[in-house]
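Every heavy atom of this structure was used, including side-chain atoms; hydrogens, water molecules and symmetry mates were not. Keep in mind the model is a prediction, meaning the values are calculated, not measured. Residues take their numbers from the sequence shown, with the count starting at 1. As the structure lists them, so they are numbered: ligands from 1, and atoms in each ligand from 1.
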Amino acid sequence: MCGIIGYVGPQQALPLVMDGLRRMEYRGYDSAGVAVQDDLGAVGVARKAGVLANLEKLILDDDLKLPGSTGIGHTRWATHGGPTDRNAHPHRDVTGRVAVIHNGIIENFAPLRAELESAGVELTSDTDTEVVAHLLAAQYDARPGDLAAAMGAVCRRLHGAFTLVAVHADAPGQLVAARRNSPLVVGVGDGEMFVASDVAAFIAHTREAVELGQDQLVSITAQGYDVSSFSGGSADFRTFHVDWDTDAAEKGGFEFFMDKEIAEQPQAVADTLLGHFDGSRIVLDEQRLGDEELRTVDKVVVVGCGTAYNSGMLAKYAIEHWTRLPVEVELASEFRYRDPVLTRDTLVVAVSQSGETADTLEAVRHAREQKARVLAVCNTNGSQIPRESDAVVYMHAGPEIGVASTKAFLGMVVANYLVGLALAQARGLMYADEIGREFAALEKMPAAISETLTRMDRVRALGKEISDSRAVLFLGRHVGYPVALEGALKLKELAYMHAEGFAAGELKHGPIALIEEGLPVVVVTPSPKLRPLLHSKLLSNIREIQARGARTIVICEDGDDIVAPFADTLIELPPVPVLLQPLVATVPLQVLAAEIARTRGYDIDKPRNLAKSVTVE
Ligand code: F6R
């Protein structure tokens with residue numbers, strides 16, 4: 001949510017900052033803006049409502065040069081104040097010496113704003129951010145020459161979540177950045193330095209990075225960086241090497257990032273598995289929880305939002321099956337508000353692609369306050385949720401830039417399953433050879449997903465055919481039910497179409513009333529060989545909806561002759577074990593949603609109103 005970049009070095013800042021913003025536009029596209037400091041210190045600003053292309057056009061049309069080698073840039077996902085030019089970042093103080101960009105929400109901005117107004121300051125935007133520019137200018141005047149101390153003093157007055165980056169005309173060649181509850185990484189180049197919300201912004205220039213801790217600030221110049229606490233004391237931070245390469249953050253010939261990310265799913269699953277089995281044991285990434293602690297777990301609670309939540313629903317089936325432990329799945333946004341029953345023996349699995357989602361982060365904190373142990377399943381090294389957890393499984397799916405989650409969903413499912421196997425192993429419930437067999441089955445999935453991807457022409461044609469529908473329903477049973485939920489979520493967010501996922505057995509308890517002539521209903525069908533009873537129940541459901549005029553779109557295993565006669569459209573998938581079916585069955589639903597959205601003329605990488613990392617509650 002909001003993308004931030006800053007650069008200091010020998011090169012012209014503007015092209016580097018704009019390039020960084022392009023790589024982070026998925027974080028917000030309500031407006032974009034840059035500030036560049038010239039060699040004498042003066043700060044020039046350009047900002048524009050709407051997508052980054054609008055800012056590019058402004059710079060071109062107005063022939064804005066913005067020379068200088070110190071710069072900051074911002075893509076906005078609006079929280080306070082509409083997506084207008086005047087609310088676009090950077091924001092400046094009254095003298096124009098300070099320019100500041102912000103990601104997050106400053107919860108006490110109203111009293112700060114009132115304080116400034118009563119001191120005669122005229123604010124020019126509706127944002128919470130602008131107060132920082134004015135406060136920082138005043139703090140710097142009180143301690144000239146020490147921009148970091150001035151920023152620290154401002155941060156100590158702020159409540160809420162923020163990443164801030166500021167430049168000051170009187171401190172040429174320096175940027176200060178600070179963070180609380182929002183992401184900030186430093187990129188350490190050769191004679192040049194970056195700060196950004198996400199490593200994607202600078203991996204074209206350096207892959208050496210610094211992860212800042214909570215309530216820390218960093219001052220950067222071309223020569224290096226200096227990290228401290230808000231009060232100027234020493235601070236613990238972590239350096240790391242980014243193993244994603246630049247290509248991973250490029251479209252690589254695809255029309256959209258989402259198309260590329262769907263195509264990358266076999267690799268994402270293979271990479272998620274990589275290094276997580278040593279021939280006899282499942283290995284977690286940052287195992288700060290010993291086997292002894294995993295043995296005493298008496299309940300698992302999986303928390304996440306959106307797609308991550310759907311992956312948690314699948315985790316329930318697998319973890320209960322392998323460990324016989326009760327597994328609850330909870331929307332992270334609800335979790336801490338309902339006083340959940342947590343003890344030292346509860347394992348909370350926090351699933352998040354970004355590792356930044358505020359709802360999930362707060363759920364993690366709540367769980368830890370209650371002394372539960374927390375294991376993070378995450379895709380983003382250096383993010384907050386893993387940092388605050390007791391153990392981590394990284395999904396290594398590579399950067400996901402399309403706002404709708406695709407390859408990360410498959411990565412999450414696999415990583416969640418690894419958590420289940422790790423628990424079963426620690427508790428002595430599965431022998432090494434059994435774990436090895438499950439792992440080997442997972443290792444066959446990249447090939448099955450690749451095979452599935454070769455069969456998508458039929459799905460794309462279907463997407464075009466049903467793109468005018470008013471709604472689409474998705475049905476499934478057992479692991480097919482979370483797949484149905486995920487299919488519906490993809491369609492809602494990408495095609496802005498009404499879509500619902502139901503447990504097929506629930507149909508007769510209400511949703512069947514929605515069925516009308518021609519309504520497309522996608523049914524995820526289990527294997528007739530592996531789950532004959534479930535299959536026959538689902539067949540009845542298909543017949544019920546067909547009898548009421550629905551257009552049946554049936555996703556089934558290759559050669560399922562029983563269900564085929566009842567399918568208006570049949571989508572066959574390679575046979576795989578029951579628990580692994582979601583890894584192939586989700587793929588056509590992603591492609592379907594993308595194709596419907598494309599046919600309706602929408603940008604599938606940037607669905608309206610959404611942002612990739614939701615860092616506000
Ligand atoms: C859906 C989607 C969102 C995210 C959710 C959680 O396609 O992308 O529902 O899954 O915002 O995000 P993370 O996984 O980053 O915590």
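In Glu356, neither the side chain nor the backbone holds a heavy atom less than 4.0 Å from any atom of ligand 1.
Below 3.5 Å of separation, one finds no N or O of Val351 facing any N or O of ligand 1.
One finds a salt bridge joining Glu211 and Arg238 here, because a Lys/Arg side-chain nitrogen approaches an Asp/Glu carboxylate oxygen to under 4.0 Å.
Judged purely by distance below 3.5 Å, without hydrogens or angles, the side chains of Glu486 and Thr307 pair a donor atom with an acceptor atom. Side-chain polar atoms of Glu400 and Ser405 form a donor-acceptor pair below 3.5 angstrom. Using modelled atom types and a 3.5 Å distance limit, the side chains of Asn416 and Ser311 yield a donor-acceptor pair.
Looking only at heavy atoms of the protein, atom 15 (O) of ligand 1 is closest to Ser354 OG, 2.6 Å. Closest protein heavy atom to atom 13 (P) of ligand 1: Thr357 OG1, 3.2 Å. Protein heavy atom at the shortest distance from atom 11 (O) of ligand 1 is Val614 CG2, 4.1 Å. Scanning the protein heavy atoms around atom 5 (C) of ligand 1, the nearest turns out to be Cys305 O, 3.5 Å. Shortest contact from atom 7 (O) of ligand 1 to any protein heavy atom: Glu493 OE2, 2.4 Å.
Remark: ligand 1 atoms within the under-4.0 Å shell around heavy atoms of Val403 are 8 (O). Annotation for ligand 1: atoms under 4.0 Å from non-hydrogen atoms of Gln353 are 13 (P), 14 (O), 15 (O), 16 (O).
Considering all non-hydrogen atoms of both residues, Gly304 and Tyr309 come closest at O-CB, 3.6 Å.
Checked against Lys407 for a side-chain hydrogen bond (donor to acceptor under 3.5 Å, both in side chains), the options Glu264, Gln265, Glu261 give a single hit: Glu264.
Taking the side chain as every heavy atom from C-beta outward, Pro588 and Met456 approach each other to under 4.5 Å.
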